[in-house]
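In the text below, chain A, chain B and the rest are named by the order of the sequence lines, each starting its count at 1.
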2 protein chains.
Amino acid sequence: MARTAGSHSDITGPRVRAAAQKLFAARGFAAVSMREIAREVGVQAGALYNYTADKQSLLFDLMQSHLEALLQTFEDDPTATPEARLEHFVRFHIRFHHDRPDAVFIAYMELRNLTSDNFARIEAMRGAYEDRLEAILRAGVTDGSFDVADTKIATLAVIAMLTGVSTWFRSGGRLSLQDVEAEYWQMVRKAVAPS
Amino acid sequence: MARTAGSHSDITGPRVRAAAQKLFAARGFAAVSMREIAREVGVQAGALYNYTADKQSLLFDLMQSHLEALLQTFEDDPTATPEARLEHFVRFHIRFHHDRPDAVFIAYMELRNLTSDNFARIEAMRGAYEDRLEAILRAGVTDGSFDVADTKIATLAVIAMLTGVSTWFRSGGRLSLQDVEAEYWQMVRKAVAPS
DNA sequence: TCATGATCTGAACGCTTGTTCAAAACAATG
DNA sequence: CATTGTTTTGAACAAGCGTTCAGATCATGA
């Protein structure tokens, strides 16, 4: 058994995924060829198939990793007040998405390029994340700190609003990420508050 | 001069655009071939080039028509109260987007497949639409009926939230479009209201 | 230093891509 | 009915696609 530790596969594997993520985000899954990914890695196209079964798996793995990280990183404290939990969700979502714009972009734009099996798996994970927010909203409705007619709609509305940040915000501009977090939190807080 | 009225071009032209819109929305610009569009129209691929210079122009024309219709259809009444103007915007946006899901999807997903010249033109139109909403928010901030720290951010947040409707809402489900309009209007109204 | 086996190359496979164009088809006018 | 000029076909072009695989390369453990 030779070449286990220090073998190139420990290096090339992650680089394949990184190159694919970068290119898929910039130009789209369908518009990027395996040869382009290989060129970005500095390798011939055939070598990619040591690290992925096919192009579809490469896309699916990127999306799955992203959503796994999302679900695993978000921590909700059910003993806190609904308002505190919601604020934490808002700030977490904005920050997490801002830190990985490529992965976010792919997860939202390339759903239709998944096979139906893979699509179902990804959708289930996305649904699980939405459920985390809906649980917070429901808790607030129950104890009277929130007032929304339909927690499912409010969940989708809040997530759409927050995810939109990554379509325009770039660090180094007029506003800091903290400014943006604070501003979105004010809007969300008021949107679900009792009138 | 023969074949002006009643010629096939009056029929085929719109059908090419319709087929392209349908297929681009379902599977993405890069993943759809000219031969597939031709098959949907019932014609050979070569015939498409009587109606479009190339594939890129086909995409651009679809987007441009959509945004022209958006800008032309939306009517704001600057003499009304900011709250009334905002409610009208919210309901208009939801309804307009719900009526043309394919065009909306393309306009949001295929921006990166535009050449940079075409992208700039489309972005300018999108910016003009955003400006219409921002004018309303600014009027409300000025007269004290709204309270948002940054009207630009609020504009983008509201539009992202409203556009998100088209990712999940389909007529015939649990909720009517009127229900959805009303619910989003409540959230937007509260989000920009003074606390 | 040699043998091992993971890693990579480079060519090849069959197929599809956007686009062009000469020739054919065809509807309407005179 | 002949002519006109628009519309469509069908073949062709060079290029690129995802994927496979025999053989070369090369770091490592013995």
Expressed as a whole number of angstroms, how long is the span from [X]:[atom1] to [N]:[atom2]?
| X | N | atom1 | atom2 | result |
| --- | --- | --- | --- | --- |
| B:Tyr49 | C:dG18 | OH | P | 7 Å |
| B:Phe24 | C:dG18 | CZ | P | 9 Å |
| B:Arg15 | D:dT8 | CZ | C1' | 14 Å |
| B:Tyr51 | C:dT19 | OH | P | 17 Å |
| A:Phe29 | D:dC17 | CZ | C1' | 12 Å |
| B:Met34 | C:dT17 | CE | P | 11 Å |
| B:Ile11 | C:dA27 | CD1 | C1' | 13 Å |
| B:Leu58 | C:dT19 | CG | P | 10 Å |

### Task
Anything under 30° is parallel, anything over 60° is perpendicular, the rest tilted; go ahead and classify A:Trp168 against A:Tyr184.
parallel
### Nucleotide-resolved protein contact map, nucleotides 9-16 of chain D, B/S/- at heavy-atom distance under 4.0 Å
BB-B----
### Query
Checking all strands, does A:Val41 fall into the base, sugar-phosphate, or nothing category for heavy-atom contacts under 4.0 angstrom?
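A:Val41: no heavy atom of the nucleic acid under 4.0 Å.
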### Query
Regarding A:Arg100 and the six-membered ring of A:Phe96, is the cationic atom NZ or CZ under 6.0 Å from the ring centre and inside 45° of its axis?
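Checked: cation-pi criterion met.
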### Query
Relative to B:Phe29, does B:Arg112 satisfy both conditions: NZ or CZ under 6.0 angstrom from the six-membered ring centre, and within 45 degrees of the ring's axis?
no
### Message
Between B:Glu36 and B:Arg39, does any side-chain N to carboxylate O distance fall below 4.0 Å?
### Response
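Answer for the salt bridge query: no.
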### Task
Run the salt-bridge test on A:Glu40 and A:Arg15 with the 4.0 Å N-O cut-off and return the result as yes or no.
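Salt bridge absent between A:Glu40 and A:Arg15.
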### Message
Which nucleotide wins on minimum distance to the side chain of B:Thr12, given the candidates C:dT19, D:dC17, D:dT8?
### Response
D:dT8
### Message
Are more than 12 heavy atoms, taken from residues, nucleotides or ligands other than B:Glu68, located less than 6.0 Å from that residue's CD atom?
### Response
yes
